[in-house]
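Have a look at the structure below before the remarks.
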Amino acid sequence: MPPRPGPEKEPVRILGIESSCDETAAAVVEDGRRVLSNVVSSQVPLHARYGGVVPEIASRAHLEQIVPVCEQALAEANARLEDMAALAVTRGPGLAGCLLVGVEFAKAVATARRLPLVAVHHVAAHLYSVNIGRTHDAWGESLTPTGSGTRDPETRNQPYVALAISGGHTSLAAVRGPLDIEVLGETLDDAVGEAYDKVAKLAGLGYPGGAAVDRLAAGGNPSRFALPRPMLAREGLEFSFSGLKTAFAREVQKLGGPEALATDERALADLCASFQAACVDVLIAKAERALRSTGLNRLAVTGGVACNRGLRDALARRLPGITVAVPELEYCTDNAAMIAGLACHHLAADRTSGPELNVKPGWGMGS
Amino acid sequence: MNLLAFETSSPSGGVALLCDGVLAGESWTTGMQSHSKRCLREAEGLLEAAGFRWEDVDVFAASHGPGAFVGVRVGLSLIKGLAWPLGKPVVTVSSPEALAWSCYRGEPVRHVVPLLDARVGEVYGAVFTPTDEGLVREGEEFCLRPEEVPRLLDGEALFAGEGALRYHEKYLHPHGRLARGDAVRARPGTVAWLAWQRVQAGGTIPPSEARAVYLRDATVKPNA
């Protein structure tokens, strides 16, 4: 007999704020999963001429953008601050000056409105991002108000292996619940997205260059250059990308440097394809190992590098029998919807913070 | 009219409550704990002691620099976050100006020179002249090496602030004295009082428009 419908629960709406790097973001998420708004003010044009994120420029921009971004998030969600059950903010890891603007602002808003404040781990939120969406999550589950995924966030989530790959992070984890995360492996040096941006710079493709490498790789020969597959021969689930980046730099020099490469479209495309193939091989092989060692059959691939077409195509082809979820693009890059979503579970567990909350730039997932 | 003001642009700082232009409470400390960890809690304490709720504050204020980048952003982020949800306006005031008014006790000097430590061997500051109407700033606020400051002076000065504490003995003592020990740092109460003057002159702005004054390019690393 189906359970009798109980009294309708009030939806739990949370305003999330994210400012850990170069995106000022705010979002409203209902019941930890249904995204009502997701606003991101990107600073990419501000940093492009420097070839990377300049922390002080980013911090200044966050201070200017934070109020308009939050106003827009509420407006797009057709909600008021008094409709929120809590406020959530990224506490770390990230750039200290950038995190500080979000944390101070969020503390003040929560204090003035007497709302609970939830401090969220940025990478844990990326791992969670497959569970959010406007109509469906990345697993394909409906999130409409009448769907099955909206009112019981604690029990909907089945365990999965998650790969968080971005410009700042490369982590493999077993996610047995939104707040039950076991880190299985991390990068020992560069994050994979950082390696993409660095090789793009070496090849004269500008910053950020990950998308350009991906685009060029699609038309190149991945076998032309024998680039290493770092850490693949070793046991374990750690990553390393600095050696691959160095091998790429050597090939660029052999080809005559970025100027010569700019006039040799074939070589540039082949080099990008070879680099991409090496990254994809390593990421998928490590993910497979993690799935085997945990006995899980669901894989979430999250973070900015999850936007990579080459990786998405390879995931679809090379992991038979595994359910793979990749968030929509707006939830792959840094966003506040994932912060507000995960915060719902912290709130349910009564994990809230007070006005003394401070930033934690080097916050490890295990701590 | 109730005004709550934060001073966080140097290692010393805190929060003050001003009611109808009169200081009603002030919490102020040097160093020890970061502004981030204590300012909001201290503001809550001040309001509670005065029997006020957050909604009873009409204007939120902070010093906007030039000063410690992180400290200035703590203060501005706090007032944006307090004022925005309550639909209240904000006021920001110059950090050197707040320091100048904090230190000056009517001494017979030609200049009052607030100096904040800008690190990498420089100071933020400005030169003020005492007049019958109070302190009047001469020229622009600056970011200079401390040994360059005396060329801006044509008489005895009263120096104040972390920059003065750090460099007075080495570069500045032939040109004037250090402010009294109980007046050498900026007080939140003075930020509040200056902010109240701005409010009287119609100088409030929406929280989204509050900006920091840096006087230094964002690409310069403080520890470079």
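Each chain gets a letter, A, B and so on, in the order the sequences are listed, and its residues count up from 1. The figures that follow rest on heavy atoms only: side chains count, while hydrogens, waters and symmetry mates do not.
- With rounding to the nearest 0.5 angstrom, the CG atom of Leu63(A) is 11.0 Å from the OG atom of Ser208(B).
- Arg60(A) touches chain B through backbone and side chain together, each having a heavy atom under 4.5 Å away.
- To the nearest 0.5 Å, atom CD of residue Glu44(B) and atom OG1 of residue Thr111(A) are 5.0 Å apart.
- Both the backbone and the side chain of Val101(A) come within contact range of chain B, with heavy atoms under 4.5 Å apart.
- Ion pairing between Glu56(A) and Arg216(B) fails under the 4.0 Å rule for side-chain N and carboxylate O.
- In this structure, Asp182(B) places its CG atom where more than 12 heavy-atom neighbours from other residues, nucleotides or ligands lie under 6.0 Å away.
- Taking CG of Leu81(A) as the start and CH2 of Trp84(B) as the end, the distance is 5.0 Å to the nearest 0.5 Å.
- For chain B, the option among Gly102(A), Ala58(A), Pro68(A), Cys70(A) with the highest count of heavy-atom pairs below 4.5 Å is Cys70(A).
- Heavy-atom distances place no part of Arg80(A) under 4.5 Å from chain B, backbone and side chain included.
- Proximity to chain B (any heavy atom under 4.5 Å) is restricted, for Leu357(A), to the backbone atoms N, CA, C and O.
- With a 6.0 Å radius and a threshold of 12 heavy atoms from other residues, nucleotides or ligands, Arg49(A) has its CZ atom at or below the threshold.
- Only the side chain of Arg211(B) comes within contact range of chain A, judged by heavy atoms closer than 4.5 Å.
- By the 6.0 Å contact criterion, CD on Glu169(B) is open, its count of non-hydrogen atoms from other residues, nucleotides or ligands being 12 or less.
- When the candidates Val70(B), Ile79(B), Val74(B), Val57(B) are compared by the number of heavy-atom contacts under 4.5 Å with chain A, Val74(B) comes out ahead.
- Across all their heavy atoms, Leu78(B) and Ala108(A) have their closest contact at O-CB, 3.4 Å.
- The neighbour count for Arg198(B) CZ, taken as heavy atoms of other residues, nucleotides or ligands under 6.0 Å away, is above 12.
- Rounding to the nearest 0.5 angstrom, the gap separating the CZ atom in Arg113(A) from the CD atom in Glu55(B) is 6.5 Å.
- Of the atoms belonging to Gln65(A), not a single heavy atom falls under 4.5 Å from chain B.
- Ion pairing between Glu356(A) and Arg38(B) fails under the 4.0 Å rule for side-chain N and carboxylate O.
- Considering CD of Glu104(A) and CG of Leu76(B), their distance stands at 11.5 Å, rounded to 0.5 Å.
- Residue Glu82(A) qualifies as enclosed at atom CD: its count of foreign heavy atoms under 6.0 Å is above 12.
- Using a distance-only test at 3.5 Å, with no hydrogens or angles considered, a donor-acceptor pair links the side chain of Lys107(A) to the main chain of Ser36(B).
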